[in-house]
Chemist: 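Can you keep this structure in mind? I'll have questions shortly.
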Amino acid sequence: YSVVEDGFCYDDVSKTTLVAYIGNSSNITIPNTVTEIKNNAFANNSNITSVDLGGNVTTIGTNVFYGCDNIVTVQVSNTLNLSNTALYFTKSGIRYKVLSESTAQLVSAQTTLSGTIDATTVTSGNTFTVNSVAGGALKNCTLVTSVVLPSGMSAIADETFYNCTSLQTVNLYSGLDFGEYAFYNCTNLAISVSIGYSDNVGKYTFYNCSSLTITLNDCYYAFGEYAFYGCLGITNVLLSATNKINEGVFENCTNLTTVTLGYRIKSIGKNAFKGCTSLNSLTLNTSSTRISRKNSSYRYIHTYDKYYDCNKLSSIGESAFENCSSLTTLNIPYSYTSIEQNNETFYDFQVSSMGDNAFKGCTSLTSVLILNFTNNIGTDIFANCPNISVLSYQTKNLQTYFASLQSLATSLTELSIGTNIPDTGRMTTDTDYRYTYVSNVVDCYNGCSNLDKVTVNKSAYNLSSAFDNTQITDLTVEHSWA
């Protein structure tokens with residue numbers, strides 16, 4: 001060093017550039033001659049408890065105070081960007097990172113901290129406004145009851161309030177994005193939260209926040225897995241813009257009564273609405289969709305130019321609506337997927353998969369209309385649904401389908417197969433799915449002691465043995481191409 005004075009090391013006699021500090025003082029006041037502080041000048045000095053940056057510093061390097069973990073007071077007079085200087089201080093059990101002469105980030109807190117955390121903090125005469133809270137900053141602070149956040153924040157970071165079980169109030173502003181686990185298990189948080197159209201909500205964000213009141217404003221982005229698990233303050237879900245419901249998003253929202261999903265929905269994930277015991281209205285909206293293409297040499301395909309009321313739902317996950325015990329009617333409309341093949345567009349009208357136990361335990365369900373299935377059907381999809389009496393569907397594999405309907409044996413009275421199928425498209429080049437395949441289903445209706453009416457709209461096979469060993473007295477086959 002060119003000059004060393006009172007432990008301060010300078011690179012020239014003007015003492016304008018501070019390079020390092022080798023003294024032992026715990027209270028650091030930058031001399032008035034200094035206008036620049038170099039990188040790492042005070043790094044790893046655990047003796048320092050107080051810092052005054054003086055009134056003339058205009059340039060400051062990176063990691064200047066890195067590892068100075070015992071600072072409790074900071075004085076900043078000039079307008080400086082301090083975000084890269086690693087200047088931290090601790091007050092009342094809370095650790096702050098200094099960002100400028102007037103702003104700081106709340107970085108962490110002792111888990112024994114209790115009471116209210118304000119949006120400002122004062123140290124050595126300087127007032128710092130907390131303009132952000134670091135991810136995990138208040139994790140497991142189970143005694144904190146209230147947090148005041150400043151306006152202007154754009155996001156709540158991951159795990160910010162994780163397991164703050166005593167937290168009752170936080171002032172949240174519109175337009176916020178919510179990170180993963182942000183309010184996980186904040187069971188006493190009793191505020192109103194409004195999720196806007198373009199707001200992001202990560203996985204497990206409000207998990208088990210049972211005291212929250214939540215309004216969903218027709219949101220566009222898909223919510224993260226289990227985002228609202230156990231949120232008793234959700235009563236209505238309207239999602240006309242988003243394209244999927246992830247796993248467990250609304251599981252055990254026991255006060256949820258109404259769900260309306262737009263035609264863009266492609267998938268409803270595993271456990272998505274499981275345990276929503278008050279859900280009594282499920283609407284899957286459709287859109288009038290123009291289906292058209294030119295002549296093709298493939299079998300059963302011809303010129304058409306028509307509109308169909310469809311949506312894009314292709315998958316319903318395992319246990320998606322399990323134990324929705326107040327649901328009485330299920331109506332799943334046509335779903336379509338466009339397929340490009342050999343420079344032509346085909347339309348696949350189908351719900352391609354339905355997972356195990358999808359509607360298990362829907363004990364109030366009496367009527368089911370499912371307009372198109374493939375053979376990717378799980379087991380026990382209607383297990384413990386003892387009151388379904390009317391079932392209408394279209395599927396290619398009745399054997400697989402009815403293997404999952406054994407619990408309907410005594411309740412089912414009326415069955416309609418393959419009605420109102422769109423007269424367009426196909427799934428493969430040699431299979432037209434306008435027709436119902438009911439071969440190899442001997443005994444699949446066995447035990448349906450009250451089933452006395454079956455209507456089959458179209459079949460590609462002979463039905464002479466399909467309903468052997470059943471109790472059916474009224475069998476109508478409207479068309480057959482056996």
Side-chain angles (χ1 to χ4, degrees), residues 26 46-51 65-76 82-83 85-173 176-193 202 204-212 230-231:
S26 60
S46 59
N47 289 327
I48 300 174
T49 59
S50 174
V51 172
F65 297 96
Y66 179 84
C68 300
D69 296 331
N70 295 314
I71 297 174
V72 293
T73 62
V74 174
Q75 178 72 41
V76 185
L82 301 170
S83 59
T85 64
L87 177 55
Y88 296 84
F89 69 91
T90 302
K91 182 180 180 182
S92 302
I94 303 174
R95 186 168 172 79
Y96 299 93
K97 178 182 179 180
V98 179
L99 303 177
S100 72
E101 75 284 355
S102 60
T103 60
Q105 180 186 49
L106 195 160
V107 176
S108 63
Q110 296 175 359
T111 56
T112 55
L113 189 69
S114 62
T116 298
I117 297 177
D118 292 321
T120 60
T121 185
V122 179
T123 174
S124 189
N126 254 63
T127 299
F128 293 99
T129 297
V130 177
N131 68 357
S132 63
V133 181
L138 299 172
K139 185 175 181 178
N140 292 322
C141 290
T142 57
L143 301 178
V144 171
T145 57
S146 177
V147 175
V148 180
L149 298 176
S151 60
M153 290 183 63
S154 60
I156 305 295
D158 296 351
E159 299 186 347
T160 298
F161 300 100
Y162 183 101
N163 200 39
C164 292
T165 52
S166 297
L167 184 63
Q168 299 175 18
T169 60
V170 176
N171 57 317
L172 299 178
Y173 301 92
L176 283 172
D177 289 336
F178 297 91
E180 298 176 359
Y181 298 88
F183 291 93
Y184 181 94
N185 203 38
C186 293
T187 53
N188 286 302
L189 186 59
I191 62 173
S192 295
V193 176
Y204 293 88
T205 296
F206 295 102
Y207 184 97
N208 207 29
C209 292
S210 54
S211 301
L212 275 181
C231 291

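Predicted, not measured: the structure shown is a model, and the values here were computed from it.
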Chemist: Tell me whether Thr123 contacts the main-chain N or O of Val72 through its side chain, where contact means a donor paired with an acceptor under 3.5 Å.
Modeler: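 Here the side-chain-to-backbone pair exists.
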Chemist: Checking Ser50 against Thr73: is there a side-chain donor and acceptor pair closer than 3.5 Å?
Modeler: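 Ser50 and Thr73 do have a side-chain donor-acceptor pair below 3.5 Å.
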Chemist: Under a 4.5 Å cut-off applied to non-hydrogen side-chain atoms, are Ile94 and Leu113 in contact?
Modeler: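 Side chain of Ile94 against side chain of Leu113, heavy atoms only: contact under 4.5 Å found.
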Chemist: How many angstroms lie between atom CD1 of Ile117 and atom CG of Leu106, to the nearest 0.5 angstrom?
Modeler: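 Nearest 0.5 Å value for the CD1-CG distance: 6.0 Å.
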Chemist: Could you tabulate the donor-acceptor pairs under 3.5 Å formed by side-chain atoms of residues 134-147, not counting sequence neighbours?
Modeler:
from: Lys139; atom 1: NZ; to: Glu159; atom 2: OE1; distance (Å): 3.3
from: Asn140; atom 1: OD1; to: Asn163; atom 2: ND2; distance (Å): 3.1
from: Thr145; atom 1: OG1; to: Gly115; atom 2: O; distance (Å): 3.2
from: Ser146; atom 1: OG; to: Thr169; atom 2: OG1; distance (Å): 2.9

Chemist: So which atom in Gln75 and which in Asn126 form the shortest heavy-atom distance, rounded to 0.1 Å?
Modeler: NE2-OD1, 2.7 Å
Chemist: Search all heavy atoms of Arg95 against all heavy atoms of Thr90 and return the closest pair with its distance.
Modeler: NH1-OG1, 3.7 Å
Chemist: Taking the side chain as everything from C-beta on, heavy atoms only, tell me whether Ile156 gets closer than 4.5 Å to Asp177.
Modeler: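 Of all side-chain heavy-atom pairs linking Asp177 with Ile156, none is under 4.5 Å.
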Chemist: Just how far is it from atom CG of Leu212 to atom CG of Leu189, taken to the nearest 0.5 Å?
Modeler: 4.5 Å
Chemist: Yes or no on side-chain contact (heavy atoms from CB on, under 4.5 Å) for Ile71 and Leu87, after CA distance, side-chain angles and deciding distance?
Modeler: CA-CA 8 Å; Ile71 297 174; Leu87 177 55; 3.8 Å; yes
Chemist: Between the side chain of Asn188 and the main-chain N/O of Thr165, is any donor-acceptor distance below 3.5 Å?
Modeler: yes
Chemist: Distance check, rounded to the nearest 0.5 Å: Asp118 atom CG versus Ser92 atom OG?
Modeler: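 Taking CG in Asp118 and OG in Ser92, the distance rounds to 10.0 Å.
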Chemist: Parallel under 30°, tilted from 30 to 60°, perpendicular over 60°: which one fits the rings of Tyr162 and Tyr184?
Modeler: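 Because their plane-to-plane angle is under 30°, the rings of Tyr162 and Tyr184 count as parallel.
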Chemist: Check Gly179 against Asp158 and note the closest heavy-atom contact, atom names and distance.
Modeler: CA-OD1, 3.2 Å
Chemist: Would you check, one step at a time, whether the test side-chain contact (heavy atoms from CB on, under 4.5 Å) holds for Thr120 with Thr129?
Modeler: CA-CA 4 Å; Thr120 60; Thr129 297; 3.9 Å; yes
Chemist: Test of understanding: with ring pair (Phe, Tyr, Trp, His ring centres under 6.0 Å), list the residues that count as partners of Phe183, not counting sequence neighbours.
Modeler: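 Counting only residues at least two positions away or on another chain, Phe183 forms a ring pair (Phe, Tyr, Trp, His ring centres under 6.0 Å) with Phe161, Phe206.
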Chemist: Ring-plane angle category for Tyr204 and Tyr181, please: parallel below 30°, perpendicular beyond 60°, tilted otherwise.
Modeler: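 Rings of Tyr204 and Tyr181: parallel, under 30°.
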Chemist: I need the Tyr96 OH to Thr121 OG1 distance, nearest 0.5 Å.
Modeler: 4.0 Å
Chemist: Leu176 and Met153: which non-hydrogen atoms are nearest, and at how many Å?
Modeler: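 Nearest pair, atom of Leu176 first, then Met153: CD2-O, 3.2 Å.
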Chemist: For Asn185 and Asn208, indicate whether the former's side chain and the latter's backbone hold a donor-acceptor pair under 3.5 Å.
Modeler: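 No; zero donor-acceptor contacts below 3.5 Å.
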Chemist: Check whether Asn70 reaches the backbone of Ile48 with its side chain - one donor and one acceptor, N or O, closer than 3.5 Å.
Modeler: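 No: the side chain of Asn70 does not pair with the backbone of Ile48.
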Chemist: To check you understand the geometry: which heavy-atom pair defines the closest contact between Phe128 and Glu101, and what is its length?
Modeler: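 Smallest heavy-atom distance, with atoms named: CE2-O, 3.7 Å.
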Chemist: Looking at Leu149 and Tyr173, what are the two nearest heavy atoms and their distance?
Modeler: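 The pair with the smallest heavy-atom distance is O-OH, 3.1 Å.
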Chemist: For the residue pair Leu99 and Ser83, establish whether any side-chain heavy-atom pair is separated by less than 4.5 Å.
Modeler: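 They are in side-chain contact.
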